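The shown structure was predicted, so the numbers you read here are calculated from the model rather than taken from an experiment.
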Amino acid sequence: ADDCVTVHLGYGRTRAGRVGNGAGFNAYALRTSDSPWFGTGLEIEKTGQRYRLACTQLHHNLGGRPIAPAATLEAYRKNPGFARQAGHQPRPEETLYPPHGLDGKGKPGQNAWGMAIDLNSCIGCNACVVACQAENNVPVVGKDQVIRSREMHWLRIDRYYSDGLDNPRTHLQPMLCQHCEYAPCEVVCPVAATVHSSEGLNDMIYNRCVGTRYCSNNCPYKVRRFNFLQYSDFQTPVLKLLRNPDVTVRSRGVMEKCTYCVQRINHARVDSHKENRTIRDGEVVTACQQACPTQAIVFGNLNDPDSRVSRLKEQPLNYGVLAELNTRPRTTYLAQVTNPNPELKR
């Protein structure tokens, strides 16, 4: 609102040790016992000082692109398929890629993994980002590297704004590797470090990667991360207890990205083989899905028509980001539908 300022309390510390001291800010000094949450008569003055902010997303404008389409409930009832109609949906034959037969779809006994993310449920809490980092041994690179656009998170929460600048509407969208069936990253890798699995996953073979970063340049979703420096400490014994032993710890010069938590898929596969059965729906839960408080993320086998993810992908709200590129992503989204109160003017 006009003439109002929101101040986050922060995590500023003065006696937290060598690492914690001086990190962040402490806004509790502004609070008083008689008005702990609100205050009036505040004046703001310029100090002339500058403070650098680290941000992982610099583009907030949809630019007319159907990346995060949204509609009101009334508009949805008139046109339930608005999300898919917003962008060009290419026909199967409209592609430059030769068929590879590695998507796993329609093959009896074969898994075809996929994910659906409900944008109606996502609240942008970043719990999925933290869970992915802990599960997959993603290094913390620090503010200086983030400012240099060298962030390492495999999963990010994109935010876009629509409507006017005075009263914008916010759209949140978790963005991770889309595991494209026709992946632009695979055809440009000179050493076949990024390849397609028989179950449709876009895998990374770290031992093959020589750091050309061609795959990152060719990825339209910009979800690949490159180890510019030796971020991981392989020597300190106590740090080994922090890492997931089922996931490779990457060294510098290696490209990495979301793997759909392939280690969890393999665990479920071993258990199912021991019991001589197929993998049950819901048995494989990715780290981001497990941590999501609103259950916005659903993962499963697309070859199972009764699986939860298959049912979600059959809904008219389901769409693929940048579908006009014919990458055929395995990760799709359910468009946002709002039901604003007409008596409340925006």
Side-chain angles (χ1 to χ4, degrees), residues 11 13 16-24 52 54-56 126-157 175-177 179 183 185-186 188-197 201-217 219 221-270 284-291:
Y11 297 94
R13 299 292 185 267
R18 177 174 57 88
V19 176
N21 283 350
R52 299 186 71 187
C55 183
T56 58
N126 282 266
C128 55
V129 178
V130 178
C132 176
Q133 180 161 356
E135 171 74 17
N136 295 291
N137 301 328
V138 178
V140 177
V141 300
K143 178 180 177 179
D144 177 70
Q145 293 296 302
V146 173
I147 290 177
R148 300 171 187 265
S149 298
R150 295 178 179 178
E151 65 274 7
M152 292 300 297
H153 294 102
W154 290 5
L155 168 62
R156 69 177 188 264
I157 305 296
M175 180 56 62
L176 61 159
C177 176
H179 289 272
C185 57
E186 296 176 0
V188 295
C189 181
V191 293
T194 173
V195 295
H196 225 67
S197 76
L201 271 66
N202 179 248
D203 291 336
M204 276 299 304
I205 304 176
Y206 302 121
N207 286 339
R208 291 182 183 176
C209 182
V210 295
T212 63
R213 290 178 286 167
Y214 294 159
C215 57
S216 180
N217 291 335
C219 174
Y221 306 99
K222 300 307 171 190
V223 289
R224 289 176 165 266
R225 300 291 176 254
F226 184 70
N227 276 284
F228 283 88
L229 302 175
Q230 186 67 53
Y231 297 126
S232 298
D233 185 345
F234 293 93
Q235 305 302 325
T236 306
V238 69
L239 293 180
K240 297 180 181 179
L241 302 176
L242 294 173
R243 303 185 181 114
N244 184 351
D246 294 329
V247 180
T248 303
V249 180
R250 285 78 57 187
S251 183
R252 61 182 172 185
V254 172
M255 186 67 68
E256 55 187 72
K257 64 170 189 66
C258 162
T259 63
Y260 270 167
C261 287
V262 66
Q263 68 277 4
R264 297 192 175 196
I265 296 176
N266 290 332
H267 273 299
R269 181 180 293 108
V270 171
V284 180
V285 180
T286 62
C288 56
Q289 177 185 4
Q290 182 180 4

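At least one side-chain heavy atom of T212 sits under 4.5 Å from a side-chain heavy atom of P190. Between Q235 and D233 there is a side-chain heavy-atom pair separated by less than 4.5 Å. With contacts defined as side-chain heavy-atom distances shorter than 4.5 Å, the pair V195/R208 qualifies. With contacts defined as side-chain heavy-atom distances shorter than 4.5 Å, the pair D144/I147 does not qualify. Under the 4.5 Å side-chain criterion, counting only non-hydrogen atoms from C-beta, E186 is in contact with T194. M175 is not listed as a side-chain neighbour of L155, based on a closest heavy-atom distance of 4.5 Å or more.
Within the structure, salt bridge (Lys or Arg N to Asp or Glu O under 4.0 Å) pairs that include any residue of residues 235-250 comprise R250-E256 (at least two apart or interchain). Within the structure, the ring pair (Phe, Tyr, Trp, His ring centres under 6.0 Å) test picks out no pair touching residues 134-155 (sequence neighbours left out).
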task: Start with the C-alpha gap between R252 and Y231, add the side-chain angles, then the distance that decides, and say whether side-chain contact (heavy atoms from CB on, under 4.5 Å) holds.
output: CA-CA 7 Å; R252 61 182 172 185; Y231 297 126; over 6 Å; no

- request: Given side-chain contact (heavy atoms from CB on, under 4.5 Å), test N266 with V262 step by step and report yes or no.
  value: CA-CA 6 Å; N266 290 332; V262 66; 4.0 Å; yes

- request: Using the side-chain contact (heavy atoms from CB on, under 4.5 Å) rule, take H179 and C258 through it: C-alpha gap first, then chi angles, then the decisive distance, then the call.
  value: CA-CA 9 Å; H179 289 272; C258 162; 3.8 Å; yes

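Contact between I205 and A192 at its shortest, heavy atoms only, is CD1-O, 4.2 Å. Closest non-hydrogen pair, T248 versus N137, comes out as O-ND2, 4.2 Å. For the residue pair A287 and E135, the shortest heavy atom distance occurs at CB-CB, 3.6 Å. Heavy-atom minimum distance, C177 versus N202: SG-OD1, 4.2 Å. The two atoms that bring P139 and M152 nearest to each other are O-CB, 3.8 Å, heavy atoms only. Smallest separation of non-hydrogen atoms from E151 and V141: CA-CG2, 4.3 Å.
With sequence neighbours excluded, no residue satisfies side chain to side chain donor-acceptor pair (under 3.5 Å) with R225.
Of the possible polar contacts, one joining the Q230 side chain to the S232 backbone as a donor-acceptor pair under 3.5 Å is found. Between the side chain of R264 and the backbone N or O of V285, at least one donor-acceptor pair lies under 3.5 Å. Distance alone, capped at 3.5 Å, is enough to place a donor-acceptor pair between the K222 side chain and the S216 backbone. Looking only at distances, no side-chain donor or acceptor of N136 sits under 3.5 Å from a matching main-chain atom of V138.
A distance of 8.5 Å separates SG of C185 from CE of M204, quoted to the nearest 0.5 Å. The CZ atom of R156 sits 9.5 Å away from the CG atom of L176 when rounded to the nearest 0.5 Å. Residue S197 holds its OG atom at 4.5 Å from CG of D203, rounded to the nearest 0.5 Å. Atom SG in C215 sits 4.0 Å away from atom CZ in R224 (nearest 0.5 Å). In this structure, CD in Q145 is found 8.5 Å from CZ in F228, a value given to the nearest 0.5 Å. Within the model, atoms NE2 of H196 and CG of L201 stand 8.0 Å from one another, a figure rounded to the nearest 0.5 Å.
No more than 12 heavy atoms of other residues, nucleotides or ligands lie within 6.0 Å of OH in Y214, so this atom counts as exposed by the packing criterion.
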